[in-house]
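Chain identifiers are assigned alphabetically (A, B, ...) following the order of the sequence lines, protein sequences preceding nucleic acid strands; residue numbering begins at 1 within each chain.
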There are 2 protein chains.
Amino acid sequence: MSSKTVDKALSILDAFTVETPTWGLRELSRQIDMNHTIVHRILTTFEDKGYLYCNPETKKYELGIKFIELNNVVEEHLNISSIIQPIMKEIALKTGESVVLTILNEEEGVFVKIVESEQKVRFAESVGKRSSLYIGASHKVILAYLPLEIQHSIVDEGVAHSAKHIKSKETFLRHLERVREQGWCYSEGETFDDVAACSVPLFDNKYQILGSLSIAGPKYRLSQEQSEEKLPILQEHVKKLNAILGKVNFPSRRNFLTKKFI
Amino acid sequence: MSSKTVDKALSILDAFTVETPTWGLRELSRQIDMNHTIVHRILTTFEDKGYLYCNPETKKYELGIKFIELNNVVEEHLNISSIIQPIMKEIALKTGESVVLTILNEEEGVFVKIVESEQKVRFAESVGKRSSLYIGASHKVILAYLPLEIQHSIVDEGVAHSAKHIKSKETFLRHLERVREQGWCYSEGETFDDVAACSVPLFDNKYQILGSLSIAGPKYRLSQEQSEEKLPILQEHVKKLNAILGKVNFPSRRNFLTKKFI
DNA sequence: AATCAGTGGTTCGATTATAGAACCAAGGAG
DNA sequence: CTCCTTGGTTCTATAATCGAACCACTGATT
């Protein structure tokens, strides 16, 4: 039993993305197929509450400062800034590459925190970016620890989207099996061209997969060999991180993980 | 005309703060004085939509990963990561201190972005923190450019809260006047003990005050003299920033600025 | 200048989702 | 076992929402 009005309101919020960060009233109501009166009432409510900002000149709506505040609440609660970030920073200093924290959420991976290396050429910022689990070391290493049935359905998706790095379902599933066996994953140019990454898994207190930690940098500096040299640094610090993550409990919806046991 | 249901839903969201990041159902409904049925329906709606996460063990609710994503939308839209951050980084490198972007919002100031210096002792992270305009250089320099009537009411508030750095309303208003004349503000130990800051104002395309940019560091390294030496660096780069901010249009509610003209 | 199509915003009665008391089942504490 | 609390559900009177029709305005097009 859930509130129809709030449900609609959140669907409206969902329309504000990196690709389409601003919306006019009529434009938005067309997009989500709602009567413009409803959209108007909800938009002004969001505006009154400081969640949306309506540009008085263009009359277009956009997400407000409120979300910077709420992001802070999440980060503080997860101890990202005070505990997790320092560990990531140390890895970044020792490896000389950017460090990425990815969290499993709703059958997708979200970049939750990126600590950049001090090098001139480095992994670009994309915090908050959400994408499918079949692409990129940071995501594939998570996929490798999911139940086989989930792996199948997600790999099927990848095949359906004809992802360039998937030759066939079978070879990709075997690839995931190897990743799980060796406990890390390397990839080149999957999520971003010219970027390579090396990732290890993160687990919660029940030893269920929670996300991954990766080092990422330009291909020419992070070949498979070079990243295998840096792997021990990553693995060593991840031990510390896993000890912390066992207690923290990320707000990461992973219902599908337990579904099969019910 | 605004939606009562959505309004309630957002009031519920507002209860999730850095101080109280998790809530049980009954506990929360007591806090905000709402029937627990309503709260329950709204909470599950938020949960279904990925905005809240309900810890299955403790049955307590907390903000979800969604807010990290939405924060990213705001930052991307404001060009914070790609345009503003590099400028802040340059100031941080040249001055050796942390750089803070503060935005005026609803008669308060919000720390929107902090670029940390590379020094060991540095300004702690507090992105998203919101506070009154009468305290701290970053906030006072904003206050100094607001209409006098607003200044009066906000300073009255400060006096009412018996802020330690306000001796009397009159002297504080004269202090603000000097700040506006010289175009910058220095403070020591107001927002955080042991932290000093030096701030300059930021304006939008209509030359209305939008926020401030500050360098912040430990008192012993950032005396008034030392910060006046670094001031030219700050001012030089802020010229660039103001040229950009004139076009960007921050989602910063500042209705009270124009109210008096209507 | 008149028309038209678009915009954001408002009104008001019919409709429908919501409010909230009363209700479970479960889990401590005594 | 009782008492109190918890999260969660049910049901109907009631109150909020829905949405067609409406303004006022802007900017092309004729």
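Separating the CG atom of B:Asp7 from the C1' atom of C:dA17 is a distance of 17 Å, rounded to the nearest angstrom. Atom NZ in B:Lys60 sits about 7 Å away from atom P in D:dG7, given to the nearest Å.
Within residues 19-35 of chain A, the residues approached by DNA chain C to less than 4.0 Å at the level of any non-hydrogen atom are A:Gly24, A:Leu25, A:Arg26, A:Arg30, in residue-number order. Near DNA chain C, defined here as any heavy-atom distance below 4.0 Å, the residues from residues 38-51 of chain B are B:Ile38, B:Arg41, listed numerically.
The ring pair (Phe, Tyr, Trp, His ring centres under 6.0 Å) check on A:Phe46 picks up nothing, with sequence neighbours excluded. The ring pair (Phe, Tyr, Trp, His ring centres under 6.0 Å) search around A:Tyr53 returns none, not counting sequence neighbours.
Taking five base pairs at each end of the helix from C:dA1-D:dT30 to C:dG30-D:dC1, the local helix axes there meet at an angle of 30°, rounded to 10°.
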Practice task
Determine, stepwise, if the pair B:Leu213 / B:Ile91 fulfils side chain to side chain contact (heavy atoms under 4.5 Å, CB included).
Solution key: CA-CA 10 Å; B:Leu213 203 71; B:Ile91 300 173; 3.5 Å; yes

Practice task
Might you work through the salt bridge (Lys or Arg N to Asp or Glu O under 4.0 Å) test for B:Lys66 and A:Asp14, ending with a clear yes or no?
Solution key: CA-CA 10 Å; B:Lys66 191 93 193 180; A:Asp14 286 336; 3.0 Å; yes

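The base of C:dG9 is paired with the side chain of A:His36 by a donor and an acceptor separated by under 3.5 Å.
Here the closest non-hydrogen pair linking A:Ser2 and B:Arg41 is C-CG, 3.8 Å.
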Please list, pair by pair, any protein nitrogen or oxygen found under 3.5 Å from a nitrogen or oxygen in nucleotides 14-16 of chain D.
{"residue": "D:dA16", "atom": "OP1", "partner": "B:Lys4", "partner atom": "NZ", "Å": "2.9"}

